[in-house]
Structure formats: C-alpha cells, structure tokens
Amino acid sequence: MSINKRIKQVIDIKLGGSQKAFAALIEATPQYVARLIAEGGSVGLEPVIKILKLYPDVDARWLILGDGEMITPGHFNEVKFFLHQNIQEMLKIEQYLPYMTDDELKQYKNAATTFTAYNYEQKQLDRWSKLAEQHGK
C-alpha cells in the first residue's frame, strides 16, 4: 500500500473520510489533500509530521514505510483496558436494571450505547441492592 493510501486510511478512520476536515486540521486546501491522497502523488515530510502530531497513536513507521500496524500497540492496550473495565462495571450493575428509575435506565442505556463509563453513586447501588433483596434476588 502506498503512503497516499495510508494517508487516506488515516483520514477515513480518524475523520470518517472527511478530506475537508483533514484539510482544515493540517491548514491546507481540500485540493492539496486530494493531490496528497491521489495514487502516485508526491508526499513531502510536512504533511507526515502534521499527521503524526495530530494523531500520536498513528505509528510513524507504518505511515512512512507501511511496516506494522496503523495504531501503535500501546494505544490498543489502553483502549482494551478501558473497554474491559467499563464492561465489567456495566455487567456488575446489570442485575439491578429492574430496580432503576426511568432516568437511571436512560443513563445506563446511554452509557451502554456510547461506550462511556456509567457513573452511579453508592446510595443508588445501596437502593438497588435493597430492592433486589426485597424481591428475593
């Protein structure tokens, strides 16, 4: 894969394919970006440096040479850790869904669908536990 295609891949993944947004980020025109990602187009050091500064998780060796993976493994591990931690927390309180208020259910659903941490207070957990005990669960 050429460096042009790798730059296009960065734009696709990081900006949902928006060349216009990428042009704004690197302070260039959309026409420049179109030439940059065109197969066989010349790529100087400046756009590569800008990409690496904008996206520190993009592996420089991959971007320049095509070796390895796009995202550095350390960043994958960080994301995996957060994801697993969040899933564990969500599963821990899943048993209390029948005892949540409508607002609490909305918050839980929002957290589950946006992959964000669900923040609840200890008093909520205590209330849910008490309700579960009263219902024999």
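For reference, positions follow the sequence shown, starting with 1. Note that the structure is predicted; figures quoted are calculated from it, not measured.
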Minimum heavy-atom separation for [X] to [Y], with atom names?
X: Ala34; Y: Gln19; answer: CA-OE1, 4.1 Å
X: Ser42; Y: Leu36; answer: O-CD1, 4.2 Å
X: Gly41; Y: Asn4; answer: O-ND2, 2.9 Å
X: Ala23; Y: Pro30; answer: CB-N, 3.8 Å
X: Val33; Y: Ile26; answer: CG2-CD1, 4.3 Å

Residues pairing under salt bridge (Lys or Arg N to Asp or Glu O under 4.0 Å) where one sits in residues 20-46, two or more places apart or in two chains, turn out to be Glu46-Lys50
For residues 9-19, the salt bridge (Lys or Arg N to Asp or Glu O under 4.0 Å) pairs (sequence neighbours left out) are Lys8-Asp12, Lys14-Asp57
Hey, are the side chains of [X] and [Y] touching, using non-hydrogen atoms and a 4.5 Å cut-off?
X: Leu131; Y: Tyr96; result: no
X: Leu15; Y: Leu25; result: yes
X: Asp59; Y: Glu69; result: no
X: Val48; Y: Ile3; result: yes

Out of curiosity, [X] [atom1] to [Y] [atom2], how far, rounded to the nearest 0.5 Å?
X: Tyr55; Y: Leu63; atom1: OH; atom2: CG; value: 12.0 Å
X: Gln124; Y: Met100; atom1: CD; atom2: CE; value: 8.0 Å
X: Ile64; Y: Leu45; atom1: CD1; atom2: CG; value: 7.0 Å

Side chain to side chain donor-acceptor pair (under 3.5 Å) filter on Tyr108, not counting sequence neighbours, yields none
Thr113 meets the side chain to side chain donor-acceptor pair (under 3.5 Å) criterion, sequence neighbours left out, with none
- Between Asp67 (side chain) and Trp62 (backbone), is there a donor-acceptor pair under 3.5 Å? no
Sorted by chain and residue number, the side-chain contact (heavy atoms from CB on, under 4.5 Å) partners of Thr101 (sequence neighbours excluded) come out as Asp103, Glu104, Arg127
Taken in chain and number order and not counting sequence neighbours, the residues that satisfy side-chain contact (heavy atoms from CB on, under 4.5 Å) with Glu89 are Lys92, Tyr120
With a 4.5 Å cut-off on side-chain heavy-atom distances among I, L, V, M, F, W and Y, is there a chain of contacts connecting Ile51 to Ile49? no
### Query
Does atom CG of Asp126 have more than 12 heavy-atom neighbours, drawn from other residues, nucleotides or ligands, at distances under 6.0 Å?
yes
